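A short worksheet on the structure shown next.
Note: hydrogens, waters and symmetry copies are ignored here, and every other heavy atom, side chains too, is used. Keep in mind that what you see is a predicted model, and the values were worked out from it rather than measured.
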Amino acid sequence: MKQTIDLNGKTILVTGSPGFIGANLVIRLLKEMSGGTVVSLDNMNDYYDLALKEYRLSLVEKTAEASPVKHVFIKGSIGDKALIDQLFADYKFDVVVNLAAQAGVRYSIDHPDVYIESNIIGFYNLLEACRHNPVEHLVYASSSSVYGGNKKVPFSTDDKVDNPVSLYAATKKSDELLAHAYSKLYNIPSTGLRFFTVYGPAGRPDMFYYSATQKLVAGKTIQIFNYGDMRRDFTYIDDIVEGIVRVMQGAPEKKNGEDGLPIPPYAVYNIGGGQPENLLDYISTLQEELVRAKVLPEDYDFEGHRELVGMQAGDVPVTYADSEALERDYGFTPKIGIREGLRAFAEWYAVYYR
């Protein structure tokens with residue numbers, strides 16, 4: 001059973017808010033809530049082009065102007081314990097959504113310290129704050145990368161995930177373990193969401209579809225890993241946000257076991273498209289949509305700008321979500337296909353970079 005939460009009138013913290021998922025979530029909340037406060041927090045680091053984060057933040061602020069919901073943006077890091085403690089004391093948050101994290105599998109190979117600071121210490125700071133300032137629900141981003149080298153597909157939240165193949169994945173698995181411990185010890189309702197390859201307009205430039213577009217526009221060659229023999233559960237941003245909003249409103253129920261002690265109000269769900277797409281098909285669709293949106297000319301030599309290369313460290317050949325639990329508990333399965341999703345991205349790209 002889920003404890004139903006009406007978000008209207010609530011005070012909500014969204015960390016990582018000018019990030020791709022965070023900005024889209026805050027915009028959705030500002031449009032749909034009839035009152036309350038949304039506090040956005042981000043350190044605005046330069047992991048990728050800051051102009052893109054500022055652009056997303058401007059969309060959030062523009063939405064806030066027409067919203068009955070109060071919006072406050074605070075520039076700061078979840079790694080700053082004093083700041084987090086102060087925010088929780090000042091705002092008395094009802095719901096916390098932690099999307100702030102150092103992202104990227106490949107970046108973690110050369111920059112491990114950033115991942116420990118943000119993904120582990122930062123998340124610990126939030127858990128401690130939720131412990132001392134009880135919240136109705138803590139929702140946090142995990143990742144499909146926790147499945148590591150698992151051979152069984154589709155990936156289920158019932159699978160063992162003890163073999164991460166990147167530091168990024170190890171930090172996300174650590175977050176799930178920490179959340180479970182805090183749920184058990186302090187009765188904090190928490191839900192982790194394992195996102196599967198999120199894409200869409202104003203996404204992260206380090207994600208393949210975006211970086212490939214930029215390289216093709218510049219006349220450079222794109223590298224296709226594992227010689228194109230990869231399958232990904234690409235999930236469009238609107239589906240991810242719909243999943244988060246539904247989960248926010250249904251917290252794991254607090255109840256005691258036969259021993260009189262709390263059963264951890266803890267859950268983890270996959271949010272994935274449920275339709276693994278072949279990487280080469282995805283790239284072909286992207287190229288067709290870039291031509292349609294006039295980002296690239298119709299006679300563009302795609303074959304001349306492709307290079308098939310081997311597997312890269314930390315990558316896995318197949319990611320594919322079993323999202324049955326999300327469907328069962330929240331009545332939702334991602335529905336937006338790659339044609340529709342990549343068309344929206346290409347049309348946005350044409351306007352943004354024109």
Counting the benzene-type ring for Trp, do [X] and [Y] have ring centres under 6.0 Å apart?
X    : Y    : result
F208 : F225 : no
H305 : Y300 : yes
Y55  : Y352 : yes
F345 : Y199 : no

N133/Y91 under side chain to side chain contact (heavy atoms under 4.5 Å, CB included): CA gap, chis, key distance, verdict: CA-CA 10 Å; N133 306 270; Y91 286 97; over 6 Å; no

Heavy atoms from other residues, nucleotides or ligands near NZ of K152 exceed 12 (cutoff 6.0 Å):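 Yes, NZ of K152 has more than 12 neighbouring heavy atoms, counting only those of other groups under 6.0 Å.
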
Side chains of [X] and [Y] only: does a donor on one sit below 3.5 Å from an acceptor on the other?
X    : Y    : value
T15  : N98  : yes
S183 : S190 : yes
R306 : Q287 : yes
E128 : Y182 : yes
N270 : Y147 : yes
E307 : T221 : no

Side chain to side chain contact (heavy atoms under 4.5 Å, CB included) assessment of F195 paired with D233: CA-CA 10 Å; F195 299 138; D233 217 345; over 6 Å; no

Main-chain N/O of P18 paired with D42 side-chain donor or acceptor, under 3.5 Å: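 A pair under 3.5 Å: no.
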
Side chain to side chain contact (heavy atoms under 4.5 Å, CB included) assessment of L30 paired with V60: CA-CA 8 Å; L30 292 174; V60 169; 4.1 Å; yes

Shortest non-hydrogen separation from P189 to P252 and the atoms involved: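 What the structure gives for the nearest pair is CB-O, 3.7 Å.
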
Shortest non-hydrogen contact from V245 toward Q249: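 Looking at all heavy atoms of both residues, the shortest contact is O-NE2, 3.0 Å.
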
Test side chain to side chain donor-acceptor pair (under 3.5 Å) applied to D162 - qualifying residues, sequence neighbours left out: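 So D162 forms a side chain to side chain donor-acceptor pair (under 3.5 Å) with K160.
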
Identified ring pair (Phe, Tyr, Trp, His ring centres under 6.0 Å) counterpart of Y269 within the set Y330, F155, Y140: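 Of Y330, F155, Y140, ring pair (Phe, Tyr, Trp, His ring centres under 6.0 Å) with Y269 is met by Y330 alone.
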
